[in-house]
Amino acid sequence: MTVPARTLATGLVSALSATTTGHRATGSTGPSSAPTDGPARVVIDLDLPGTTINRHLYGHFAEHLGRCIYEGFFVGEDSEIPNTRGIRNDVVEALRALHIPNLRWPGGCFADDYHWKDGIGPREQRPRMVNSHWGDIVEDNSFGTHEFMDLVELLGTEAYVNGNVGSGTVAEMSQWIEYLTRADDSPMASLRRQNGRDEPWKVPFFGIGNEAWGCGGNMRAEDYAALARQYSTYVRDQGGDPGNQVTRIAAGASDDDYAWTEALMKAIGTLKGRESKPSPFQAISLHHYTMSGPWGDKGSATDFTPQEWYLTLSRAARTEELVARHSTVMDRYDPFKKVGLVLDEWGTWWNVEPGTNPGFLYQQNTVRDALVASIHFDGFHRHADRLVMANIAQTVNVLQAMILTDPDSGALVLTPTYHVFAMNAGHQDASALDAHVLLPEEPAEVDGRALPMISASASTTGGTALVSLSNLDVEQARTLVLDLRGRSVTGHSARVLTGETSAAHNTPEQPDAVAPRALESVRDHERGLEIDLPPHSVVTVELQLGD
Ligand code: AHR
């Protein structure tokens, strides 16, 4: 097989140097492949299960941004679109099928402008506000705390509520958690009851501000770290209910700002032993987006060259490097990995679709986005010892969405990214298995990074194993051997996601242009299985395991 990326990439390195960081992979922190004389292989020891892949790595994010909350999730009771208390039934049904483990809300940047008391009580009496970050439009607060927690319950997911540090008070944040989670007749629990909800909700995750280095207050790392300690202190576990304990997530770094992570770890204190004092926050976030150009011109979602295809996939692979390196910083202060790393914003960020509001971040979603997602998941599985949660940005109609809705007809389309989440759902809470990629060719060098043309990961639940394979080659199919060791394989089935072109995508007219199909080209092989992967494709193989 020829690997065109290698030659394409050589030109790219200099052509794109103005938009790169100059950061080079070491090979130990990202996807890798080893050379082999034989056929391409992915070697998996089925009898050596490792770290549990936290289901929260498949988390989601819904912000008051563009058509995500309004139109995407919430259409109001009077809408012709079938709904339950204003929440779209078709969106709920599609997301329930993904088993989404958590949903982050209300932002993003919006969170540090949001005052939760404006979003409770009778809708017609709720004050309005300006959503200054996203389109400078007026927000009527008709979707607030009760509507969000209703959505969480309809989805069968868990709440990740993001508090306001940038323009909110400590008391406001403290009262929000009391309102949400307290059972007795405390002032905020009583207020919740007046507004129609008797039982407290469970809120396992609470964010202490968002992007404090930017839209969340333009703070310096040490200044925010002090505030994070203070605010976290008042996000109390309420009423001694052990089932309602909150994991507080401090607003973390962007990209490779390792100094920010270090400042937060210093603020926690050194956690040398297992008996160290409880830290004021239990996790630290990280944000990283994938784009093929600079911020001012991030690239088109659907109109891209092969060079931009490889550049994008290389940048997707960079996320794993960032996770590994932030984790290394954390290791210095927390060798037992008690503090979680939470990548609570990730995904592609393209130029908005022509003719749409630039502040609404509406973009199409192609086979390329599917590969970006699968590369991320492979990296997440390899770093599941530190990375405890990740949230794709965002669930509906914004950035790398699962679902796009038509503004005129309201029709719903599932994106290629949706299908990657569905195909990978079996990794949630499974035990990671090492998947060693052996390829006859050297990896391509793209954007200063070694980029093998196969990405892979695997996990097991005991009786079954799930293997994820991506063929990054935009033009060439690839036959590879799944070299399965340690256990017998008693059955298998495989699915493939691809499109006629790498830019194929779904529309209301062609909703299944990119949809998973059964993969028939799986053959028995003396080492395990032999599989044909089409070009630009994502494949999952489910294995039934014997002894
Ligand atoms: O996801 C869109 C925005 O990206 C979020 O509001 C912000 O946190 C980030 O900059």
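Every number for a ligand or one of its atoms is a count from 1 in the order of the listing. Being a predicted model, the structure only gives us computed values, none of them experimental.
Under 4.0 angstrom from ligand 1, there are no non-hydrogen atoms of F110. Of the heavy atoms in E345, only side-chain atoms (C-beta onward) come closer than 4.0 Å to ligand 1.
In summary, the atoms of ligand 1 found under 4.0 Å from a heavy atom of E211, numbered by their order in the structure, are 7 (C), 8 (O), 9 (C), 10 (O). In the vicinity of Q394, heavy-atom distances shorter than 4.0 Å reach the ligand 1 atoms 1 (O), 2 (C). Annotation for ligand 1: atoms under 4.0 Å from non-hydrogen atoms of F61 are 1 (O). Close contacts of ligand 1 with W349, meaning ligand atoms under 4.0 Å from a residue heavy atom, involve 4 (O). Atoms of ligand 1 found under 4.0 Å from any heavy atom of C109, numbered from 1 in the order shown, are 5 (C), 6 (O), 7 (C), 8 (O). Using a 4.0 Å cut-off to heavy atoms of N210, the atoms of ligand 1 that qualify are 8 (O). For ligand 1, the atoms sitting less than 4.0 Å from at least one non-hydrogen atom of L399 are 1 (O), 2 (C), numbered in the order shown with element in parentheses.
Note on ring orientation: taking the six-membered ring where Trp is involved, the planes of H427 and Y58 are parallel (angle under 30°, cut-offs 30° and 60°). Taking the six-membered ring where the residue is Trp, Y114 and W176 present tilted rings, their angle falling between 30° and 60°. Ring geometry, Y289 versus W349: the interplanar angle exceeds 60°, so the pair is classed perpendicular (tilted spans 30 to 60°).
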| request: Show the numbers, then the answer: is there a ring-ring contact (aromatic ring centres under 6.0 Å, His included) between H60 and Y160? | output: CA-CA 9 Å; H60 283 260; Y160 174 3; over 10 Å; no

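The closest protein non-hydrogen atom to atom 3 (C) of ligand 1 is W134 CZ2, 3.6 Å. The closest protein non-hydrogen atom to atom 1 (O) of ligand 1 is Y289 OH, 2.7 Å. Protein heavy atom in closest approach to atom 6 (O) of ligand 1: E63 OE1, 2.7 Å.
Not a single side-chain hydrogen bond (donor to acceptor under 3.5 Å, both in side chains) links Y362 to another residue, sequence neighbours left out.
Judged by distance alone, the side chain of T415 and the main-chain N or O of A401 form a donor-acceptor pair under 3.5 Å.
Only one option out of F74, F360, W134, Y70 pairs with H64 in a ring pair (Phe, Tyr, Trp, His ring centres under 6.0 Å); it is Y70.
Listed by first and then second residue, the salt bridge (charged side-chain N to carboxylate O under 4.0 Å, His left out) pairs involving residues 51-70 are R55-E158, R55-D429, R67-E71 (not counting sequence neighbours).
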